[in-house]
Amino acid sequence: MPTVVTRFAPSPTGYLHVGGARTALFNWLLAKHTGGKFLLRIEDTDLARSTEDAVRQLLEDLKWLGLNWDNAELVYQSKRLDVYNRIIDKMLGEGKAYEAWETNAELDVLKEAATRAKRAYRYVKPNYTPEQIEKYKDEGRTPVIRFAMPVKEYKFRDVALDKDVTISPYEVQDFVIRKTDGMPTYHFGVVVDDAEMGVTHVLRGFEHLLNTMNHIALQEALGYERPIYAHVSTMLNPENGEKLSKRDRDRRIRKRVQDWMRNNKKTAQDLSAATGVTADRLASWIATDTMQLDLTEQPKIMAVVGLKETDLPEIMIHDFRKNGYTPEVLLNFLALQGWSPGGDLEQMTINEMIEKFSIDRLVSNNPKFNREKLKSFSTDWFGKAPMDRQLAAIKDWLSVNPNSMLNKASDAELTHILKMNAGFHVLSELDEKNRFFFVADEAIEYDAKTVDKVLKKDDGQGLKVLGEVRAHLTEVADWTAGKLEASLEDFVRSSGLVLGKVAQPLRVAVSGSSVSPPIFETLAFLGKDRTLKRIDRCLKVTA
RNA sequence: GCCCCCAUCGUCUAGUGGCCCAGGACUAUCGGUUCUCAGCCGAUCAACAGGGGUUCGACUCCCCUUGGGGGUACCA
């Protein structure tokens, strides 16, 4: 049996999308499972959208996921124009392709006419007279090259769907293979490059199902072998049942903005004043579902309406990384979106996934992306992962979250944080819950509601306890979690209180809020001096 | 409009004609553990879209209806 060769062929438009990552994963798993090769090719034929920066971001995400590719030299389609042109010239000579002179505007008119007549539009090759062609040239037109696609029924076996897919001759049309800017179209580049790279299996998104007809027609015309095709399901947004899209993040913000305006009787002008984004731009953004703000505008608006980064749905792999997921968790979860190993097995290591993967267990249903379950996988994973792996994970997280207070922590402190917060879901949660350790003692902000509830209620019962326990704590010589626990239990016994009545005032005093890691560990981590300092300041500030 | 694909608990899925009055996971609900938030432990709720066939027997095979998704570019 020949070696399996798969590939991932994204077009570089920025950070990697989850959908793309899943496609890459399936191709990678198939290659690993069979001992084959997984190749990476950059489809940068859309000059308007492809940038070097986008390629950089794409590779960064792929590397972060650990989906390493086997071709030492990356294949860029934009660098292979001579290859494509040689083949196109030959096709032209053999009458398998031809020049077409219509402008986009002219084609649009034809399409509209077809729509009005309730017919499907289909390109028909015009019979240009020599005079017409002369005229077009004089106008400065450049022709596209179209493939003269033989009119017949096309059929291929889809191994994911496990059925034959066909199109009738009626749907065949001469599609463009070279654009006026001289670049090949997607269809042409894919077919030529897959053949030249020896790709044996094409696993790609379902939206390519009909494209495959064009591709097999081209393969026949060019004498290429046909690879095995598998089209995988589309991951859906659980909120609207549509394809997961970058726009979903804007939608979440937009909804919040609308609520904010309604509840606070605010207008786009108010928001403009608060953010510096022009009112016109905001107004049209609020009114249109499809419009997207740019990455500098988003945070400003989110700050005003009270949204955090972690409130937005993650769409790009980079979003998941920034919110504190690990590649292991993400890959495991992604594999289950459109594939199942069978039986009750869900949580797997990468190696288990490689071992179990097979095309015929691909699921054809379109899954709705369930972030709750992903989060639960993450919790479980951190509960089992070795500490050195967790430490590496949090350091990676900090590298993409330079503003986090936890950047001040040493490796030993990070390890300590990881341990005393056992049971956390994702790394970003650690930042929220532990940042107070790294804030200056005199900068702790006390949440008013919490102070009322824990310290001032019942005639300042909490404050009274805080004063007493402070005195008790000065006596503790060996400031460790164990000794603190013993000492505080001692205090609880002698004062006739329950631990909660002591722990909560302490917690508020040192953290400013009613949430922190376990109290003994928290105090131990903080150290005696800083603990007492914070208690004193709390007594003073809140009294 | 036309073409294609899909259809089991709210969600992801197991199930390849009798093993299924349908199993697991997430969520939800209830209880337990606990110094907070989590977590953890135990229990409970919850599905074969509808209608026709085929068969001794259909969640499983076929057809129709309905519902959902996708495609219909000089974007990939």
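Every chain is numbered from 1 and lettered A, B, ... according to where its sequence line falls, protein lines coming before strand lines.
Using modelled atom types and a 3.5 Å distance limit, the side chains of A:D360 and A:S358 yield a donor-acceptor pair. Side-chain atoms of A:T310 and A:N323 form no donor-acceptor pair, as typed in the model, at a separation below 3.5 Å.
Here A:K96 pairs with A:E94 under the side-chain hydrogen bond (donor to acceptor under 3.5 Å, both in side chains) rule; sequence neighbours left out. The salt bridge (Lys or Arg N to Asp or Glu O under 4.0 Å) test applied to A:R251 returns A:D248, A:D289, not counting sequence neighbours. A:T349 pairs by the side-chain hydrogen bond (donor to acceptor under 3.5 Å, both in side chains) definition with A:E352, not counting sequence neighbours. Looking at residues two or more places apart in sequence or on another chain, you find no ring pair (Phe, Tyr, Trp, His ring centres under 6.0 Å) involving A:F188.
Residue A:P367 places its side chain closer to B:C12 than to any other of B:G15, B:C26, B:C12.
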What nitrogen or oxygen pairs link the protein and nucleotides 7-10 of chain B at under 3.5 Å?
unit_1	atom_1	unit_2	atom_2	d
B:U8	OP2	A:N365	ND2	2.9

For this session: Summarise how protein sits on nucleotides 31-38 of chain B as a single string, 5' to 3': B when a protein heavy atom is under 4.0 Å from the base, S for sugar-phosphate-only contact, - for no contact.
Result: ----BBBB
Seminar exercise, completed: Going 5' to 3' through nucleotides 69-76 of chain B and flagging B where a protein heavy-atom sits under 4.0 Å of the base, S where only the sugar-phosphate is that close, and - otherwise, we get BSS-SBBB
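A:Q173 places a side-chain N or O within 3.5 Å of a backbone atom of A:Y123 that can act as its donor or acceptor partner.
Going from the C1' atom of B:C45 to that of B:G31 covers 15 Å, rounded to whole Å. B:U55 and B:G10 are spaced 35 Å apart, taking the C1' atom of each and rounding to whole Å.
Straight-line distance from the CZ atom of A:F369 to the P atom of B:C26: 17 Å, rounded to whole Å. B:G68 atom P lies 16 Å from atom CG of A:N237, rounded to whole Å.
Residue pairs meeting the salt bridge (Lys or Arg N to Asp or Glu O under 4.0 Å) criterion with at least one partner in residues 100-125 of chain A, sequence neighbours excluded, are A:E106-A:R141. Residue pairs meeting the salt bridge (Lys or Arg N to Asp or Glu O under 4.0 Å) criterion with at least one partner in residues 43-52 of chain A, sequence neighbours excluded, are A:R41-A:E43, A:D46-A:R49. Sorted by first and then second residue, the salt bridge (Lys or Arg N to Asp or Glu O under 4.0 Å) pairs involving residues 367-378 of chain A (not counting sequence neighbours) are A:E314-A:R371, A:E346-A:K373. Evaluation of the side chain to side chain donor-acceptor pair (under 3.5 Å) test over residues 174-192 of chain A, restricted to residues two or more places apart or in two chains, returns A:N85-A:R178, A:Y98-A:D174, A:Y186-A:R204, A:Y186-A:H208, A:H187-A:H215.
Pairing partner, B:U33: B:G39, with both Watson-Crick or wobble hydrogen-bond distances short of 3.5 Å.
Near RNA chain B, defined here as any heavy-atom distance below 4.0 Å, the residues from residues 335-346 of chain A are A:L336, A:Q337, A:G338, A:S340, A:G343, A:D344, A:E346, listed numerically.
Ring planes of A:W339 and A:F357: tilted class, angle from 30 to 60°.
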